[in-house]
Amino acid sequence: MNRRTLLKTALGGAAVLAMPTFRAFAATGRTLTLASRTLDVNGRAATVYSLTGPDGKPGLSFDAGADFDVALANTLGEDTIIHWHGLTPPWNQDGVPDAPMPLIKAGETRAFRFPVGGGGTHWMHAHTLQEQNLLAAPLIVRRPEEKSADEQEVVVLLHDFSFTPAAELLAKLKGGASGDHAAQSSMNMSGMNMSGMSGKGHDMAAMPSMQGMTGMDMGSMPGMAGMAMDLNDIEYDAYLANDRTLDDPEVVKVEKGGNVRLRIINGATATAFTIDLGALKGQVVAVDGQPIQPVEAQRFPMTMGQRLDIRLRVPAEGGAFPILALREGGPQRTGIVIGTAGSTVPKLSPVGEAAGPVLDIAYEVGLRAVTPLADRSADVRYAIDLTGDMASYSWAMPGSEAIKVKKGQRVEIDMRNASMMAHPMHLHGHHFQVIGLDGGARFAGAVRDTVLVPPGRTVTIAIDAENPGRWAFHCHHLYHMAAGMMATFAYEGV
């Protein structure tokens, strides 16, 4: 099946014919360059991708309210496309292959122009298997109060890394099934035109009780007590923070008694983390770029695609302080070190003494948006199931084909996870509010664009339909998405 056939399967032939042509803009803004580079990982040279701005540094930053006026130059020898994760562009500038814009050809420069919106910690990444090869970068939009704040900004982009090509990893997970590599491993709205990976490189772990923000026990999961969940599909060669392992971490110089704003992005393709501040305490003040009422802790869970803004104060006496990302269900870890002048940086191992906590969503009940959605009843409600299994490595979203909305509607969606793997669910082109867990009492939770749905759990979200299009709605675990867990949030008449 080629890309067009798959797209028709997902969207319906009539809808495909009605899709708008991507509008070409003049390249008047800053240039963002797609290129390749060589990275040292565990003493081995790895060829990976890069997304660099005009200053030669990874990513881009804007002031809130500015225009995203960017010329994206593809200097790679292959086609690709970039998704602006966290921004809400017009649909014809969203970065999903053929939905509606085509891939950016090798050597092509394509211009984009739309408002960046109100601010936040966001990121940009390939919407193809190329994401696994580090085709991602920060995308920061600073609010006025953040620009004037007396605090130092530290951006941390997390990755999982494998020397094995992503297509081989997918074939291994699918039990050796092969695909049409010439189709460029593009993720279409169909669920995926991707070549496959290799064996079941996952591990199984019973879910232990957690403390604080990562607390959970099996008894809280209806019908799941005594069962085991799949935590990690792939055993990666390394876990990176700003392209470095803990064998040689980035050390960021900070001031004694100074304030720091950590902007942490989980850009891993298949790994959830718990952020561990160690000896420090911090306040998470935004999730997925959207401000929340501050929550203080030393550990903060984050699944794939999510972002955390954490404020902390450096002790007056100074010192060196590791900021670690603990791999869910495994001892592997990565991170950076913040340290004052003259402090001794401790020797850190990329493998800790204990497995990282298993993520849950109990903490969502305690998160409150600074600017919640208006209090109103739903105009339309949908329920979708998240299904699949490790044996066949086939994932799906039954019920999602029914999603049809109109501009101006308040939409509520129940996402019910009937599988034994957690799914970080991401909606393009919108922000949503978490309003319910497992059918319990409603609450006005965080406004997000990505939320974790653990096995056996139901998460209810509310969306104001204000951005017409046929938007990608999918699991942000790259290989679940590649194996079918991708759908559309479709406006009528588009």
Side-chain angles (χ1 to χ4, degrees), residues 173 191 202-208 210 214-233 266 269-272 288 301-306 328-329 357-365 381-403 411-427 432-440 442-443 445-446 448-463 472-489:
L173 290 170
H202 61 288
D203 56 39
M204 304 282 288
M207 293 192 290
M210 296 287 133
T214 52
M216 75 186 297
D217 60 56
M218 289 298 284
S220 68
M221 297 174 55
M224 307 300 254
M227 299 180 68
M229 68 181 286
D230 298 311
L231 290 181
N232 296 294
D233 292 356
N266 187 354
T269 61
T271 305
D288 295 354
M302 64 184 314
T303 190
M304 294 80 86
Q306 289 184 334
E328 181 182 30
V358 176
L359 271 64
D360 186 41
I361 51 169
Y363 74 98
E364 289 283 352
V365 178
R381 290 183 54 88
Y382 294 100
I384 64 172
D385 293 314
L386 311 177
T387 64
D389 61 81
M390 289 299 299
S392 65
Y393 212 79
S394 177
W395 306 95
M397 296 171 62
S400 61
E401 64 279 355
I403 296 176
V411 183
E412 292 186 6
I413 301 177
D414 294 325
M415 297 180 289
R416 307 177 298 204
N417 189 352
S419 77
M420 289 310 298
M421 285 203 75
H423 300 292
M425 300 305 298
H426 173 53
L427 175 62
F432 55 74
Q433 186 165 22
V434 180
I435 62 170
L437 299 179
D438 302 324
R442 295 296 187 93
F443 59 93
R448 292 184 167 279
D449 56 56
T450 307
V451 69
L452 181 70
V453 186
R457 309 295 294 274
T458 297
V459 176
T460 303
I461 59 174
I463 308 118
F473 182 26
H474 63 89
C475 178
H476 218 282
H477 185 304
L478 179 66
Y479 303 104
H480 293 179
M481 178 169 62
M485 193 166 279
M486 187 167 183
T488 56
F489 184 85

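Just the heavy atoms: all of them, side chains too, but no hydrogens, waters or symmetry mates, feed the values below.
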Peer 1: Nearest 0.5 angstrom please: S394 OG to L173 CG, how far?
Peer 2: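 Nearest 0.5 Å value for the OG-CG distance: 12.5 Å.
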Peer 1: Does any part of the side chain of E364, heavy atoms only, come nearer than 4.5 Å to the side chain of V459, both counted from C-beta?
Peer 2: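 Counting from C-beta outward, V459 and E364 never come under 4.5 Å.
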Peer 1: Hey, mind stepping through I413 and I403 against side-chain contact (heavy atoms from CB on, under 4.5 Å) and telling me if it holds?
Peer 2: CA-CA 9 Å; I413 301 177; I403 296 176; 4.1 Å; yes
Peer 1: How far apart are the closest heavy atoms of I361 and P454, and which atoms are they?
Peer 2: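 The pair with the smallest heavy-atom distance is CD1-CD, 3.7 Å.
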Peer 1: Kindly give the heavy-atom pair with the smallest separation between S400 and A487, and that separation in Å.
Peer 2: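 Smallest heavy-atom distance, with atoms named: OG-CB, 3.2 Å.
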Peer 1: For a 4.5 angstrom cut-off between non-hydrogen side-chain atoms, does R442 reach I435?
Peer 2: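 Yes, side chains in contact.
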Peer 1: Using the test ring pair (Phe, Tyr, Trp, His ring centres under 6.0 Å), find all partners of H426 that sit at least two apart in sequence or belong to another chain.
Peer 2: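 For H426 the ring pair (Phe, Tyr, Trp, His ring centres under 6.0 Å) partners, ignoring immediate neighbours, are H83, H85, H428, H474, H476.
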Peer 1: Within a strict 4.5 Å, meaning less than it, do heavy atoms of the M415 and F473 side chains meet?
Peer 2: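 Result yes, sub-4.5 Å side-chain heavy-atom pair found.
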Peer 1: Once you round to the nearest 0.5 Å, how far does NE2 of H423 lie from CH2 of W395?
Peer 2: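 The distance works out to 5.0 Å.
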Peer 1: So, do P301 and Y363 sit near enough that their side-chain heavy atoms are less than 4.5 Å apart?
Peer 2: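 Yes, side chains in contact.
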Peer 1: Distance check, rounded to the nearest 0.5 Å: R416 atom CZ versus D385 atom CG?
Peer 2: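 Interatomic distance, R416 CZ to D385 CG, rounded to 0.5 Å: 4.0 Å.
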Peer 1: If you take all heavy atoms of I463 and F432, which pair is closest and at what distance?
Peer 2: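 Smallest interatomic distance, heavy atoms only, reads CG1-CB, 3.5 Å.
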Peer 1: Does the side-chain contact (heavy atoms from CB on, under 4.5 Å) test come out yes or no for D233 and M390, once each step is laid out?
Peer 2: CA-CA 8 Å; D233 292 356; M390 289 299 299; 3.5 Å; yes
Peer 1: Can a donor-acceptor pair be found, under 3.5 Å and without considering hydrogens, that links the side chain of N417 to the backbone of G456?
Peer 2: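 No, N417 side chain to G456 backbone: no donor-acceptor pair under 3.5 Å.
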Peer 1: For a 4.5 angstrom cut-off between non-hydrogen side-chain atoms, does M425 reach C475?
Peer 2: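 Yes, at least one pair of side-chain atoms sits under 4.5 Å.
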Peer 1: Restricting to non-hydrogen atoms, name the atom on A272 and the atom on L359 that form the minimum distance, rounded to 0.1 Å.
Peer 2: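 Here A272 and L359 meet closest at CB-CD2, 3.8 Å.
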Peer 1: I'd like to check the salt bridge (charged side-chain N to carboxylate O under 4.0 Å, His left out) partners of R381; sequence neighbours left out, ordered by chain and number.
Peer 2: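 Result, salt bridge (charged side-chain N to carboxylate O under 4.0 Å, His left out) vs R381: E412, D414.
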Peer 1: Apply side chain to side chain donor-acceptor pair (under 3.5 Å) to T387 and list each qualifying residue two or more places apart in sequence or on a separate chain.
Peer 2: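 Side chain to side chain donor-acceptor pair (under 3.5 Å) list for T387, sorted by chain: empty.
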Peer 1: If you look at every heavy atom in V451 and Q306, which pair is closest and at what distance?
Peer 2: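 In terms of heavy atoms, the two residues are closest at CA-NE2, 3.8 Å.
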Peer 1: Distance from Q433 atom CD to T460 atom OG1, nearest 0.5 Å?
Peer 2: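 Going from the CD atom of Q433 to the OG1 atom of T460 covers 12.0 Å.
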Peer 1: Considering all heavy atoms of both residues, which atom of V434 and which atom of R448 are nearest to each other, and what is their separation?
Peer 2: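 Looks like CG2-CD, 4.3 Å.
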Peer 1: Who are the side chain to side chain donor-acceptor pair (under 3.5 Å) partners of T303, not counting sequence neighbours?
Peer 2: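 Scan of T303 (side chain to side chain donor-acceptor pair (under 3.5 Å), adjacent residues dropped) gives none.
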Peer 1: Measuring from L452:CG to M302:CE, what's the distance to the nearest 0.5 Å?
Peer 2: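 Between L452 CG and M302 CE, I get 12.0 Å after rounding to 0.5 Å.
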Peer 1: Can you measure from CG (D389) to CE (M420) and round to the nearest 0.5 angstrom?
Peer 2: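 That separation rounds to 11.5 Å.
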Peer 1: How are the rings of H480 and H477 set to each other: parallel, tilted or perpendicular (split at 30° and 60°)?
Peer 2: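 Judged by the thresholds at 30° and 60°, the geometry between H480 and H477 is parallel.
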Peer 1: Using the test salt bridge (charged side-chain N to carboxylate O under 4.0 Å, His left out), find all partners of D449 that sit at least two apart in sequence or belong to another chain.
Peer 2: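 If we apply the salt bridge (charged side-chain N to carboxylate O under 4.0 Å, His left out) test to D449, skipping adjacent residues, the hits are R307.
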